[in-house]
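First comes the structure, then the notes that go with it.
Throughout, residue positions are numbered sequentially from 1 according to the sequence presented.
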Amino acid sequence: DTNPSGHIFGGWIMAQMDVAGSIVAAEYAGRRVVTVAVNSMEFHKPVFVGDLVSSFARIERVGRTSITVLVEVFAQRPRESPAGCIKVTEAVIVYVAVDPEGRRAPLPERDLAVWRSVYD
């Protein structure tokens with residue numbers, strides 16, 4: 001999963017971000033969600049082989065059927081002293097709740113502030 005420069009391939013990082021974002025969106029929706037857009041994506045720093053990579057997702061906005069999620073990725077570099085975490089990537093991803101037939105489905109009525117306080 002590395003590119004010719006020996007860094008972790010950006011597409012692999014993007015896939016992990018989509019997984020992280022979809023977990024939060026599906027928990028909120030209480031049903032299956034699908035990715036419909038990546039509104040923004042920024043790669044700040046490369047990810048190296050040996051980095052400990054962590055993804056964190058937070059719901060930013062909820063519509064009638066869509067959920068917008070901010071996903072941030074941090075890398076801990078054990079070979080650096082002191083080993084610190086740095087933000088390497090972030091994206092804003094939009095998911096849509098779907099029914100068993102794959103059609104858009106309404107989201108449940110939830111207080112986003114209360115829901116965030118439980119999951120943050």
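To the nearest 0.5 Å, the span separating CG on Asn39 from CD on Glu60 amounts to 11.5 Å. The line from CD1 of Ile67 to CG of Leu107 is 4.5 Å long, rounded to the nearest 0.5 Å. Interatomic distance, Arg61 CZ to Leu70 CG, rounded to the nearest 0.5 Å: 14.0 Å. Taken to the nearest 0.5 Å, the OG atom of Ser22 stands 11.0 Å off from the CZ atom of Arg32. The structure places NE2 of His44 at 5.0 Å from NZ of Lys87, a figure rounded to the nearest 0.5 Å. To the nearest 0.5 Å, atom OG1 of residue Thr35 and atom CE of residue Met17 are 12.0 Å apart.
Residues Val88 and Pro46 approach most closely at CG1-O, 4.0 Å, considering heavy atoms. For the residue pair Ser55 and Val71, the shortest heavy atom distance occurs at CB-CG1, 4.5 Å. Residues Ala97 and Ala29 share a closest heavy-atom pair of CB-CB, 4.2 Å. Listed here is the closest heavy atom pair of Ala75 and Asp51: CB-OD2, 3.8 Å. Annotation for Val94 and Ser66: closest pair CG1-CB, 4.0 Å, computed over non-hydrogen atoms.
Two different hydrophobic clusters hold Phe74 and Phe43 under the rule that ILVMFWY side chains link at heavy-atom gaps under 4.5 Å. Linking Ile, Leu, Val, Met, Phe, Trp and Tyr residues whenever their side-chain heavy atoms come within less than 4.5 Å leaves Ile23 and Ile93 in two separate clusters. Cluster annotation: Phe56 is not connected to Tyr95 through the hydrophobic network of ILVMFWY side chains, with a link wherever side-chain heavy atoms come within less than 4.5 Å. Linking ILVMFWY residues whenever their side-chain heavy atoms come closer than 4.5 Å, directly or via other members, leaves Leu52 and Val73 in distinct clusters. By the criterion of side-chain heavy atoms lying less than 4.5 angstrom apart, applied directly or through intervening Ile, Leu, Val, Met, Phe, Trp or Tyr residues, Ile86 is grouped together with Ile13 in one hydrophobic cluster.
A 4.5 Å side-chain heavy-atom check between Ile8 and Val49 finds at least one atom pair inside the cut-off. Side-chain atoms of Val53 and Gln16, non-hydrogen and from C-beta on, never get closer than 4.5 Å to each other.
Screening residues 3-31 for ring-ring contact (aromatic ring centres under 6.0 Å, His included) gives His7-Phe48, Tyr28-Trp115 as the qualifying pairs, with residues at least two apart or on separate chains.
Residues that satisfy the side-chain contact (heavy atoms from CB on, under 4.5 Å) test with Glu109, not counting sequence neighbours, are absent from this structure. With sequence neighbours left out, Thr65 forms a side-chain hydrogen bond (donor to acceptor under 3.5 Å, both in side chains) with Arg104.
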- Task: Could you give me the CA-CA distance, side-chain angles and deciding distance for Arg31 and Asp99, then say whether side chain to side chain contact (heavy atoms under 4.5 Å, CB included) is met?
- Result: CA-CA 8 Å; Arg31 64 182 342 140; Asp99 66 17; 4.1 Å; yes
